[in-house]
Amino acid sequence: MKKNLKLIIILSLILVGLGGRAYADQANSIVSLGADLSQSQKDQILEELSAEDSLIIEVTNEEEHKYLGAYIDSNKIGSQALSNAKLVLTEEGSGLNINVSENISYITEDMFRNALVTAGIKDADVWVTAPFKVTGTGALTGILKSYESLTGQTLSEDIKDISNQELVLTYDLSKDNKTDQVTNFMNALKVDFGKNMPETKAEAKTLILSLAEEYNVKLSDKQADQLADLFMKMKNADIDWNKLADTAIEYTNKAAEFLKSDQGQSFLQSLKEFLVGIIDWISEFFQK
């Protein structure tokens with residue numbers, strides 16, 4: 001009993017010391033709920049997302065099929081809208097902070113971030129979750145719908161289509177490649193397209209294959225075709241390529257620059273000292 005009590009104390013201290021970022025508590029927030037959740041599940045999600053001061057909207061399965069149906073088999077989308085997201089708009093320059101729960105088994109934080117950057121959403125905190133394991137594909141529909149509701153801006157149907165297509169293609173590439181490789185590759189494509197916009201799909205495909213080799217990304221001919229189609233759509237859409245390229249560069253270099261900085265090195269040293277201290281304290285605690 002005494003050892004169990006000690007273990008509880010230790011775990012509590014570790015959770016306090018390493019606790020994740022608290023949910024943003026701002027009036028400028030909105031939660032999108034899957035329309036097919038039961039009331040008890042909706043209540044669970046609202047509590048998990050600290051949604052007391054948030055606006056609430058719902059996303060239907062029909063909306064998910066509308067934006068994803070051309071890129072994902074209907075059986076993967078399913079017949080129910082179950083994914084949920086919280087969006088908090090933040091001050092300019094704060095960037096995109098994405099948090100994906102363990103119950104989202106299909107889409108990663110980087111995949112959401114890439115798609116949202118393409119849609120023109122640059123400064124926001126986003127949480128994606130579900131009451132049980134789901135793919136998470138429908139969450140992007142909810143996030144884009146939430147952004148329109150909060151800002152009063154209407155995203156073009158082309159932009160919504162492009163963002164969803166990018167989300168699916170990025171996931172598809174991640175099946176045979178590391179997620180960070182795919183993220184850097186997609187960001188490099190946005191930068192190169194912004195600097196040297198191809199005139200034709202054939203030119204776009206050549207650029208894609210060249211960068212895939214440079215970033216060591218495995219790419220089938222079909223995937224190269226799909227990416228070429230995507231970027232030609234982006235070329236013809238209302239996208240600010242300068243901002244898109246700048247943001248892509250920012251997220252490519254952000255982690256590396258932080259770890260190289262004095263602040264990053266200080267953080268790593270502090271974390272190392274903290275963990276060593278915890279281990280020493282645990283050892284001494286159980287020897288008493």
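Values reported hereafter were calculated over all heavy atoms of this structure, with side chains retained and with hydrogens, waters and symmetry mates removed.
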Would you say [atom1] of [X] has more than 12 non-hydrogen atoms from neighbouring residues, nucleotides or ligands within 6.0 angstrom?
X	atom1	answer
E213	CD	no
K175	NZ	yes
K201	NZ	yes

Could you tell me if the side chain of [Y] sits less than 4.5 Å from the side chain of [X], heavy atoms only?
X	Y	answer
M111	S174	yes
N187	N114	yes
Y147	L89	yes
L150	V88	no
E91	D123	no

Would you check if the side chain of [X] reaches a backbone N or O of [Y] as a donor-acceptor pair within less than 3.5 Å?
X	Y	answer
N216	A212	no
T118	S163	no
H65	G78	yes
N84	T129	yes
K243	K122	no
K235	P198	yes
E148	L155	yes
S210	T206	no
D73	N75	no
E47	Q44	no

Is there a chain of hydrophobic side chains (I, L, V, M, F, W, Y, each step under 4.5 Å between heavy atoms) that links I159 to M232?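 No, separate clusters.
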Going through the checks in order, is the side chain to side chain donor-acceptor pair (under 3.5 Å) test met by N99 and E109? CA-CA 6 Å; N99 303 270; E109 294 172 359; over 6 Å; no
Just to verify, which of T183, N184, V182 counts as forming a side-chain contact (heavy atoms from CB on, under 4.5 Å) with M186?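 Testing M186 for a side-chain contact (heavy atoms from CB on, under 4.5 Å) against T183, N184, V182 leaves exactly one candidate, V182.
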Test L82 against every option in N61, N103, V134 by the side-chain contact (heavy atoms from CB on, under 4.5 Å) rule and name the one that passes.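 Going through the options one by one, the only one that passes is V134.
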Sidechain N-carboxylate O distance under 4.0 Å for K205, D221: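 Answer for the salt bridge query: yes.
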Apply side chain to side chain donor-acceptor pair (under 3.5 Å) to the pair E157 and Y67, showing each step before the final yes or no. CA-CA 9 Å; E157 291 299 305; Y67 294 110; 3.2 Å; yes
Salt bridge (charged side-chain N to carboxylate O under 4.0 Å, His left out) for D161 and K233? Distances and angles first, verdict last. CA-CA 9 Å; D161 176 65; K233 281 186 187 178; 3.1 Å; yes
